[in-house]
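Take a look at this one; I'll ask things after.
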Amino acid sequence: MKQVSFSLLATDGNARRGRIDTPRGDIQTPAFMPVGTAGTVKAMYPEQVRETGADILLGNTYHLMLRPGAERVASLGGLHTFMDWERPILTDSGGFQVMSLAKLRKLDEKGVTFRSHIDGSAHSLTPERSIEIQTLLDSDIIMQLDECISLPNETREMERAMELSLRWADRSKTAFNGQNNRALFGIVQGGDDLRLRAKSAAGLQSIGFDGYAVGGLAVGEPQAVMFEVLSGVCPLLPEDRPRYLMGVGKPDDVLGGIERGIDMFDCVHPTRAGRHGHIYTRFGVINMKNARHKDDGRPVDEQSPNRNCRRFSRAYLHHLVKTEEILGAMILSQINLAYYQELTAGARAAIEAGSFSDFVETTRAGWAAGDLPPL
């Protein structure tokens, strides 16, 4: 079996077109990873997710360690078998969810102890245990354990968390122990302070990772701040390693990340938005709850490559959303995930053709123009 590797195939400005080779299949970049938090992309069959164009899914260490448990998943053949997804899986380290969801958490040099938000049971997560859990899950791309803090924040607090994350990165690398057929990514921290971000990026490269993520963004700061950080951090990262922006975001966030040199994205937003009646198309975001759709027999977008955008009337989707039918969540989630894949596929083709700036301009102009006029 081959090792995990990255090839940079083309560039256009700071935008990058690449490919990550893994034993379970290639990942075309820029790539958007649908989030399968608890072993499922909500309201979607695995084959439906694949049909949208997704090459890779994200699994969540925190949720899976609490239930059904990493050891149980391993005994049942690993996460790929458990959820019937044959292609690559990236697992996060669990650190963000511990900080945002867990009860009575206590953090120290060793790691973090916390009580489950589900039943109050006590747990401990260290860099070593995080790597062990992700290995038991049979992840293809494993993330170091880090501490993610909210923004804005005090400089001394951002520096403390960044330095701790660097020490945990070193321990994560030791625990990973050069596993074959998997990759280990480090996570650049430092809040919105570019000096701290530069120190983190340099420290991680001295340890050495297969890829580099930018964490601690989309945690309360304005989009402009996020983009400023990305503009400062991406040039500091190795060109021959993939760059992953964690937990981001809406389509314009993804497009802005690609503009600045990011290769990989994940976010719960497209499926969560679908469950709440919002869909993303070339027209921008459309709220299917709005009464303007209730008598509209037109499809969402008759020119869309996505069959569901052409198949169902706006009136029908409005009805499903208003009556809270499960099918509504399924269709809208599929439309959103397919649009995200359409967006990243379009970016890849434009970068290869040297026309990425035109693609960005046309895409944003479509969003700005807005939806079809009401009947």
Side-chain angles (χ1 to χ4, degrees), residues 61-62 92-102 104-114 124-131 142-176 184-238 241-249 253 256-257 260-262 264-266:
T61 292
Y62 172 84
D92 61 16
S93 69
F96 176 79
Q97 285 74 25
V98 168
M99 305 305 168
S100 61
L101 294 178
L104 301 175
R105 60 185 178 271
K106 180 181 178 182
L107 183 142
D108 57 25
E109 187 67 33
K110 183 178 179 181
V112 57
T113 56
F114 63 94
S124 175
L125 193 63
T126 65
E128 294 78 13
R129 177 57 177 161
S130 177
I131 298 297
I142 288 175
M143 304 302 299
Q144 70 148 107
L145 183 65
D146 65 328
E147 182 187 0
C148 181
I149 62 174
S150 62
L151 292 177
N153 219 309
E154 296 182 1
T155 299
R156 61 183 179 184
E157 178 65 6
M158 293 189 295
E159 185 167 18
R160 182 203 59 76
M162 182 274 291
E163 294 283 5
L164 179 63
S165 295
L166 269 182
R167 295 192 295 274
W168 283 1
D170 193 36
R171 288 166 55 189
S172 296
K173 175 74 179 289
T174 300
F176 182 74
L184 177 67
F185 282 22
I187 304 176
V188 179
Q189 288 290 355
D192 56 7
D193 188 311
L194 292 178
R195 178 186 63 85
L196 297 178
R197 289 281 182 175
K199 186 175 182 181
S200 176
L204 291 172
Q205 289 174 70
S206 70
I207 298 170
F209 289 90
D210 302 303
Y212 295 87
V214 182
L217 292 176
V219 289
E221 81 285 358
Q223 184 193 62
V225 173
M226 178 178 72
F227 285 167
E228 181 183 357
V229 171
L230 293 179
S231 295
V233 170
C234 285
L236 304 178
L237 300 177
R241 296 288 189 274
R243 303 165 181 171
Y244 164 31
L245 177 57
M246 304 182 72
V248 176
D253 298 324
R260 289 160 176 81
I262 294 293
M264 303 169 68
F265 304 84
D266 82 278

Walk me through whether Gln97 and Thr61 qualify under side chain to side chain contact (heavy atoms under 4.5 Å, CB included). CA-CA 9 Å; Gln97 285 74 25; Thr61 292; over 6 Å; no
Just verifying a value: how many Å separate Leu204 CG and Met162 CE, rounded to the nearest 0.5 Å?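 That separation rounds to 9.5 Å.
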Using side-chain heavy atoms (C-beta onward) and a distance below 4.5 Å, is Arg243 in contact with Tyr212? no
Between Ser130 and Pro127, is there a donor-acceptor pair closer than 3.5 Å when you use the side chain of the first and the backbone of the second? no
Are any side-chain N or O atoms of Arg260 and backbone N or O atoms of Val229, one a donor and one an acceptor, separated by less than 3.5 Å? no
Can any side-chain N or O of Glu163 pair as donor or acceptor with the backbone N or O of Glu159 at less than 3.5 Å?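 It does not hold such a pair.
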For residues Met226 and Glu221, report the shortest heavy-atom separation together with the two atoms involved.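 That closest heavy-atom pairing would be CB-OE2, 3.5 Å.
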Can you check whether Leu217 reaches Leu230 side chain to side chain, under 4.5 Å on heavy atoms? yes
Heavy-atom check, side chain of Ile131 versus side chain of Ser172, under 4.5 Å: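 Heavy-atom side-chain distance check passes, below 4.5 Å.
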So do Ile187 and Ser165 actually touch side chain to side chain, heavy atoms under 4.5 Å?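 Sidechains of Ile187 and Ser165: no contact.
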With rounding to the nearest 0.5 angstrom, report the CE to CZ distance, Met143 to Phe96.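 Answer for the CE-CZ pair, Met143 versus Phe96, is 13.5 Å.
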In Å and rounded to the nearest 0.5 Å, what is the CZ to CD1 distance from Arg160 to Ile149? 7.0 Å
If you look at every heavy atom in Gln144 and Ala169, which pair is closest and at what distance?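 In terms of heavy atoms, the two residues are closest at OE1-CB, 3.3 Å.
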So do the side chains of Leu237 and Val188 get within less than 4.5 Å of each other, counting heavy atoms only? yes
Is there a side-chain contact between Arg129 and Ser124 in this structure, where contact means two heavy atoms from C-beta onward sitting under 4.5 Å apart?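 With C-beta onward as the side chain, the pair stays apart.
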Cation-pi check, Arg241 to Phe209: give yes when NZ or CZ is under 6.0 Å from the six-membered ring centre and within 45° of the ring axis, no otherwise.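 Checked: cation-pi criterion not met.
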Value rounded to 0.5 Å, distance of CD in Glu157 from CG in Leu151: 11.0 Å
Checking side-chain polar atoms at under 3.5 Å, does Tyr244 have a donor or acceptor matched by the opposite partner on Asp266? yes
Taking the side chain as C-beta and beyond, is there a heavy-atom pair between Glu128 and Arg171 under 4.5 Å? yes
Closest non-hydrogen atom pair between Ala218 and Gly247, with its separation: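 Minimum heavy-atom separation between Ala218 and Gly247: CB-O, 4.2 Å.
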Contact summary for Asp210 and Phe176, nearest pair of heavy atoms: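 Heavy atoms of Asp210 and Phe176 come nearest at OD2-CE2, 4.4 Å.
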How long is the straight-line distance from CD of Gln223 back to CG of Asp253, given to the nearest 0.5 Å? 5.0 Å
Tell me, do Glu147 and Gln189 make a side-chain contact under 4.5 Å, heavy atoms counted? no
Given side chain to side chain contact (heavy atoms under 4.5 Å, CB included), test Met264 with Phe185 step by step and report yes or no. CA-CA 12 Å; Met264 303 169 68; Phe185 282 22; 3.9 Å; yes
What's the separation between atom OG1 in Thr126 and atom CD in Glu109, rounded to the nearest 0.5 Å?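 Reported value, rounded in 0.5 Å steps: 12.0 Å.
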Quick one: closest heavy-atom pair of Leu107 and Leu164, and the distance? CD2-CD2, 3.5 Å
Tell me whether Ser150 contacts the main-chain N or O of Val219 through its side chain, where contact means a donor paired with an acceptor under 3.5 Å.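 No; zero donor-acceptor contacts below 3.5 Å.
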Could you check whether any side-chain N or O of Asp193 sits under 3.5 Å from a backbone N or O of Gly190, counting only pairs where one atom can act as donor and the other as acceptor?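 Side chain of Asp193 to backbone of Gly190, a donor-acceptor pair under 3.5 Å: no, none is there.
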Any donor-acceptor N/O pair, Ser200 side chain to Leu196 backbone, under 3.5 Å: no
Heavy-atom nearest pair, Leu236 first then Ala201, reads CB-CB, 4.4 Å
